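Report on the following structure.
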Amino acid sequence: MKKQLVTLIHYGELSLKGKNRSLFENKLVDNIERETGGKVTKYRGRFVLEDGNPENLKYVFGISWYAQALRVEKDVETIVAAVLSEIEGRIPNRNSFGVFVKRADKDFSCSSMELENIIGKSISDKFKTKVDLKNPDLSVFVEIANDVYIYFNKTQGLRGLPINVSGNVLSLLSGGIDSPVASYLMMKRGCRVNFIHFHVYSDNKHIADTKMMDVISTMNKYQGNTRIFLVPYYLFEMASLKASNINGYELVLFRRYMVKVAEKIALQNGFKALVTGDSLGQVASQTMDNIAQITKIISLPIFQPLIAYDKQEIIDLAKDISTYELSIEKYKDCCSIISSNPRTKANTRQIEALEKSMDIESLIVQTLELISVIEV
Ligand code: ATP
Ligand code: MG
């Protein structure tokens, strides 16, 4: 076997998952190959990626860490020679080094510690550098498995579960900061996230020219492709303008209308849950009472992964996933229109009376006729 540069990939959480393990592994392999364009070979507890662009592993959920590694034969002399030649260019200017051997193949001729000593001694003999196992300037990792892998830097992966192992959800996406982050967190739990967006335009085709499509493309880096359901909200707007006594209830009514429409779409398409970007107490419409008024009217679970996040944490995450800059771009969102003094404690009887006077059920039926879906 020739020396060969490959990418060694370790997955974390997956190995815990008992009988689902092979399903998860296969999804992860598919996702890695799709993102990088390379070829993955599975070995016990690790994958090896050849060719393709390993840079893109930073978008793949389910990976605990990865490293550019030199693959060599399982033979002590070969390993020592390969380490010495690999560190030739790395060791100058370093004051210390450490060798860390991991032996997955228990039949290998020497123990981890013996091999660490052999490699360590040959490095210090040749380069006169001292050993420091706690805080070395240069770490040399050697992993003995099906073959032997030698590497120097580990890159942390995104962790989480591979896209597609947990099923499809439908995320209510606004032009704001929170809902893209909530969607990202559901992707991280292995969901394929589809989107539904309510907008102020009379025609769905206007959305193609807005930042919303950029938000979706940015998030697609993590899941490849998706669907977005576009919903004009003018029917609701007209009905709410006509309704008397609506003062302060616009937002709760709008949100109930949105989740009901979304629930219908989800059921028609086999999506198993809705997702929103609510964070408890962040704004008046997100008090515990108001959230209850929204979650209790539909049969599907509503996941709100940001419920316990504070705004700064959400912003930091939005910056990490590159949606922040898009989210703060100017956009005519529905909620900026329904700006009122929202009630923090909703009265169920009043809400239901208002919905009856607006004939909300038939509004929902008419709204469903106006929806179009785009594959992105
Ligand atoms: P965001 O930053 O996600 O807009 P927010 O803090 O502005 O959240 P709200 O406006 O109360 O909060 O919206 C709460 C949630 O309702 C949003 O996170 C999103 O999931 C959903 N939502 C709001 N507006 C829309 C919309 N126009 N289309 C689809 N979903 C929406
Ligand atoms: Mg908003």
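Small disclaimer: the values here were computed from a predicted structure and weren't measured. Just so you know, ligand 1 is whichever comes first in the structure, and atom 1 is the first atom listed for that ligand.
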Closest by any non-hydrogen atom to atom 9 (P) of ligand 1: pick that one out of Gln282, Gln286, Arg255. Gln286

Polar contact flag for Val275 and ligand 1 (N/O pairs, less than 3.5 Å): no

What part of Ile196 sits under 4.0 Å from ligand 1 if we count only heavy atoms: the side chain, the backbone, both or neither? backbone

Is the Lys NZ or Arg CZ of Lys188 less than 6.0 Å from the centre of Phe61's six-membered ring, within 45° of the axis? no

Do any N/O atoms on Ser285 end up under 3.5 angstrom from N/O atoms on ligand 1? yes

Output yes when the distance from some N or O of ligand 1 to some N or O of Phe198 is under 3.5 Å, and no in every other case. yes

Less than 4.0 Å is my threshold; does some heavy atom of His199 fall inside it relative to ligand 1? no

For Leu173, take its heavy atoms, then give the atoms of ligand 1 lying under 4.0 Å from any of them. 26 (C), 28 (N), 29 (C), 30 (N)

Tell me whether Gly277 has any N or O atom under 3.5 angstrom from an N or O of ligand 1. yes

Heavy-atom contacts with Gly176 under 4.0 Å: which atoms of ligand 1 show up? List them by number with element. 2 (O), 4 (O)

Ring-plane angle category for His197 and Tyr331, please: parallel below 30°, perpendicular beyond 60°, tilted otherwise. tilted

Working for side chain to side chain contact (heavy atoms under 4.5 Å, CB included), residues Gln4 and Asp147: CA-CA 11 Å; Gln4 200 188 7; Asp147 293 315; over 6 Å; no

Distance-only N or O hit between ligand 1 and Thr276, under 3.5 Å: no

Is any side-chain N of the basic residue among Glu325 and Lys211 closer than 4.0 Å to the acidic one's carboxylate O? no

Minimum non-hydrogen distance to atom 2 (O) of ligand 1, winning option of Asp178, Leu172, Asp333, Leu230: Asp178

Thinking salt bridges, do Arg34 and Asp30 make one under a 4.0 Å N-O criterion? no

Does any N/O atom on Ile177 come nearer than 3.5 Å to any N/O atom on ligand 1? yes

Does any N/O atom on Met258 come nearer than 3.5 Å to any N/O atom on ligand 1? no

Does a donor on one side chain sit under 3.5 Å from an acceptor on the other, for Asp316 and Gln312? yes

Classify the ring geometry of His10 against Trp65: parallel below 30°, tilted from 30° to 60°, perpendicular beyond 60°. parallel

Check the orientation of Phe271 and Phe229. Use parallel for under 30°, tilted for 30 to 60°, and perpendicular for over 60°. perpendicular

Aromatic centroids of Tyr233 and Phe254 separated by under 6.0 Å: yes

